[in-house]
Amino acid sequence: MTHQLKDLQDYKETYARSIKDPEGFWADEAATFKWHKKWDNVLSWDFVKPDVKWFEGGKLNITENCLDRHIAERGNHTAFLWEPNDPASPSVHISYRELLEKVCQCANALKELGIKKGDRVVFYMPMVPELAIGILACARIGAVHSVVFAGFSAQALADRVDDAQAKMIICSDGNNRGNKLIPVKQIVDDALEISCQSIEHVLVHKNTRTDVNWNNQIDIWWHSAVDKQSVTCKPEIMDAEDLLFILYTSGSTGKPKGVVHTCGGYMVYACSTFRNVFQYQDGDIYWCTADIGWITGHSYIIYGPLLSGATSLMFEGVPTYPDAGRFWQICEKHKVNQFYTAPTAIRALMAQGNEWPDKYDLSSIKLLGSVGEPINEEAWHWYDEHIGKKNSPLIDTWWQTETGGIMITPLPGITDTKPTFASYPLPGIQPVLMNADGTEEKNNNAEGLLCIKFPWPGILRTTYGDHERCKLTYFSAFKNMYFTGDGARRDSDGRIRVIGRVDDVINVSGHRMGTAEVENAIDEHPEVIESAVVGYPHDIKGQGIYAYVIVSHNASNDIINEIRKVVTKEIGPIAKPDKIQIVSELPKTRSGKIMRRILRKIASNELDTIGDVSTLVNPDVVDEIIKGAPI
Ligand code: WT7
């Protein structure tokens, strides 16, 4: 297994080496895995094209490193510990040996259904073990998985299926989420009505007793296809740079793009970061509360923990069911040692009062993690005091779908922590702050645009089917730099604090959302003429969605509800605007550009700093919008 950093000196020396001799450093990390053939070349890179290759010529299968490799030593150890939505139902322990067998059975079923190396398989499933099993089964046979968060709408699912030209969707019949029953298969049926011409089969896992419509030509039950299969399946031998998965994420323009990760580099990076950041020790129970529909679930529920031979807890439900103590009840029940969640969950639970965590024994917790958005000071301290009891290091981990794994974070017990600071780069990571004029900001106590100036094994390779977009989005803002889209500040000791997006991307409850994407959805309503969407500070969600909309004169009285509905239909409930204001005009420059800066100020109620509006073609509209702002 990859090296696990021991102490501050180890971190300092390892970091220094990783900068001086990145190839030597990463080759040593990579050498700890099982390869069928060693790589010819550790790294080749060009950030202009961009073209980055790690461990080129190396041959491997990631599932052998996640599963087969552990059988001799820890075949009976729990790989996944599954906690169901209903606290009265039993938890399920799946050992490494059982998991390998289940993955092989599913892999054999996929092959029988015609899935081959390189084919894309889309997942639209709740947090059940079969989701992880299916993902690993794809990796076993070299199929490319693309998980779509099951909160997205049929339209959003169809868009992603079409973009990836996927051959199969794997879903469940339904999903028990809190006290709701979600008709998952019905949403897949709706997506197939919309488009999804490339789909040959829908593999349906029976998870609830939901009634489903059945199309004999396409639909197949998981149990009838999988259960009869052999429990062994030879892994497909992959090139290090073959695709492992696609994961769609929102950007500042257009439709979501498919971030591409490849087998070798992603494997090395997911494992190395997991072991260092969570300081996982044999026997620990590690819990990441993310959904597998996001990158956090890919890297830190499935791949990182399994590559490290860890026990990874997977939770089907929601933090508030049956009550606001559920997370803490699960921590007590399973004696969780490392707990990793998002600021939005912390804020929501903090608002429910201290009596919830106080009811449970949280003494097993050694480490608290935060991810997904900037964590505010108040939430940081509550988490530290009421969950960590002030003796578990709290690590604020900064990274992105595109980075594959954690990039900047304190190391528990090794480096210090400071509220709201992601702090220090991991070995191999070279962050820089850039000024808008293209020069590097070298001073401490300064702000800039966060870029990374050297490749790491987990960096995205392209955006699926559109390399130009990858180049434009990440590699064009500054020459020879990967641009993150985030603004950051460096304190006097060199710690980094990530402030938030500087582009038209907002972060709603840790979910990344393009404002243009929400505008496009709103504009689908026939009575909408134009819209502008901005983020504003929201106590629980971090950012809320504020939509300014111009509607036609004959729009119905219920237009605001109708707009919410159309967004839910086009994207999903997570994109529903929190506030909608009907306006007669939007503030525009002479060249016709919407001045979002002004709209952001109004939405945030920062009226004193609106600044000069005289360059607008319609300065009067600003006052009108301020007067009509919904409370
Ligand atoms: C964006 C990436 C990484 C997995 C979850 C989100 C924001 C993420 C932090 C943090 C401040 C953070 C950034 C980033 N972000 N973690 N610890 N502090 N901001 O992945 O959906 O790809 O979103 O989330 O703005 O660019 P994602």
Side-chain angles (χ1 to χ4, degrees), residues 147-149 151-152 245-252 256-261 266 269-270 273-274 277 288-304 340-347 368-377 379-380 383 394-410 417-426 429 431 447 449-452 458-460 463 473-474 477 482-489 495-515 517 535 541-543 574-575:
V147 184
V148 176
F149 174 60
F152 280 119
F245 66 87
I246 306 172
L247 191 57
Y248 285 83
T249 190
S250 296
S252 49
K257 48 189 179 287
V259 168
V260 168
H261 286 289
Y266 176 81
Y269 200 64
T273 52
F274 176 77
V277 174
C288 165
T289 70
D291 192 285
I292 290 172
W294 313 113
I295 189 72
T296 310
H298 283 59
S299 300
Y300 300 114
I301 295 179
I302 301 183
Y303 287 114
Y340 191 32
T341 197
T344 186
I346 299 165
R347 287 190 298 263
L368 298 174
S370 171
V371 60
E373 53 178 310
I375 177 166
N376 52 307
E377 197 120 354
W380 198 101
Y383 197 25
L394 195 175
I395 56 168
D396 178 3
T397 64
W398 174 85
W399 58 297
Q400 310 178 294
T401 306
E402 295 86 345
T403 68
I406 297 168
M407 302 281 281
I408 305 181
T409 177
T417 62
K418 177 175 173 181
T420 76
F421 278 75
S423 299
Y424 307 107
L426 286 174
I429 304 308
E447 270 183 28
L449 300 167
L450 182 62
C451 291
I452 317 287
I459 188 174
L460 87 160
T463 45
T473 313
Y474 308 105
Y482 166 82
F483 174 48
T484 65
D486 281 317
R489 164 162 203 90
R495 292 185 203 86
I496 291 173
R497 171 187 193 163
V498 177
I499 300 163
R501 304 290 305 197
V502 294
D503 50 11
D504 287 321
V505 170
I506 52 181
N507 194 323
V508 184
S509 301
H511 299 156
R512 191 161 141 185
M513 198 75 60
T515 51
E517 211 182 326
K541 298 179 175 185
Q543 280 187 299
I574 50 177

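When reading the values below, keep in mind they use all heavy atoms of this one structure, side chains included, and skip hydrogens, waters and symmetry mates. Order of listing sets the numbers, starting from 1, for every ligand and every atom in it.
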Run down the list T296, V259, V498 and name the one with the heavy atom closest to atom 5 (C) of ligand 1. T296

Minimum heavy-atom separation for P410 to T417, with atom names? CB-CG2, 3.9 Å

Return yes or no for this condition: an N or O of R501 is under 3.5 Å from an N or O of ligand 1. yes

Among side-chain atoms of Y300 and T273, is any donor-acceptor pair under 3.5 angstrom? yes

Could you tell me if any non-hydrogen atom of W399 lies under 4.0 Å from any atom of ligand 1? yes

So, for I408 and I496, which heavy atoms are closest and what is the spacing to 0.1 Å? CD1-CD1, 4.1 Å

Would you say the ring centers of Y266 and F245 fall short of 6.0 Å from each other? yes

Please determine if T401 has a nitrogen or oxygen closer than 3.5 Å to a nitrogen or oxygen of ligand 1. yes

Out of all atoms in ligand 1, which are within 4.0 Å of some heavy atom of N507? Include the element for each. 7 (C), 24 (O)

Atoms of ligand 1 less than 4.0 Å from I295 heavy atoms? 4 (C)

Among protein heavy atoms, which sits nearest to atom 23 (O) of ligand 1, and what does the distance come to when rounded to 0.1 Å? R512 CD, 3.4 Å

Shortest non-hydrogen separation from S370 to L394 and the atoms involved: CB-CD2, 4.5 Å

Counting only heavy atoms closer than 4.0 Å, does ligand 1 sit against the backbone of D486, its side chain, both, or neither? side chain

Please verify whether a non-hydrogen atom of G500 lies at under 4.0 Å from ligand 1. no

Separation between NE2 of H261 and OH of Y303, rounded to the nearest 0.5 Å: 11.5 Å

d(R497 CZ, E447 CD) to nearest 0.5 Å is 9.0 Å

Without swapping roles, check the side chain of T341 against the backbone of T289 for a donor-acceptor pair under 3.5 Å. no

At under 4.0 Å between heavy atoms, which part of V505 makes contact with ligand 1: side chain, backbone, both or neither? neither

Just jot down the ligand 1 atoms closer than 4.0 angstrom to any heavy atom of E373, in number order. 8 (C), 9 (C), 10 (C), 11 (C), 12 (C), 15 (N), 16 (N), 17 (N), 18 (N), 19 (N)

For Y340 and T296, which I'm curious about, is there any donor-acceptor pair between the side chains at under 3.5 Å? no

Can you sort out which atoms of ligand 1 are near D396, meaning under 4.0 Å from one of its heavy atoms? 10 (C), 17 (N), 18 (N)

Hey, is T403 touching ligand 1 through its side chain, its backbone, both or neither, going by heavy atoms under 4.0 Å? neither

Do T484 and ligand 1 have an N or O pair less than 3.5 Å apart? no

Nearest heavy-atom neighbours spanning A290 and G297: CB-N, 4.1 Å

Could you tell me the residue and atom name of the protein heavy atom closest to atom 24 (O) of ligand 1, and the distance to it rounded to 0.1 Å? G372 O, 3.2 Å

Per atom 11 (C) of ligand 1, closest listed option by heavy atom (G485, P374, A488, S250): P374

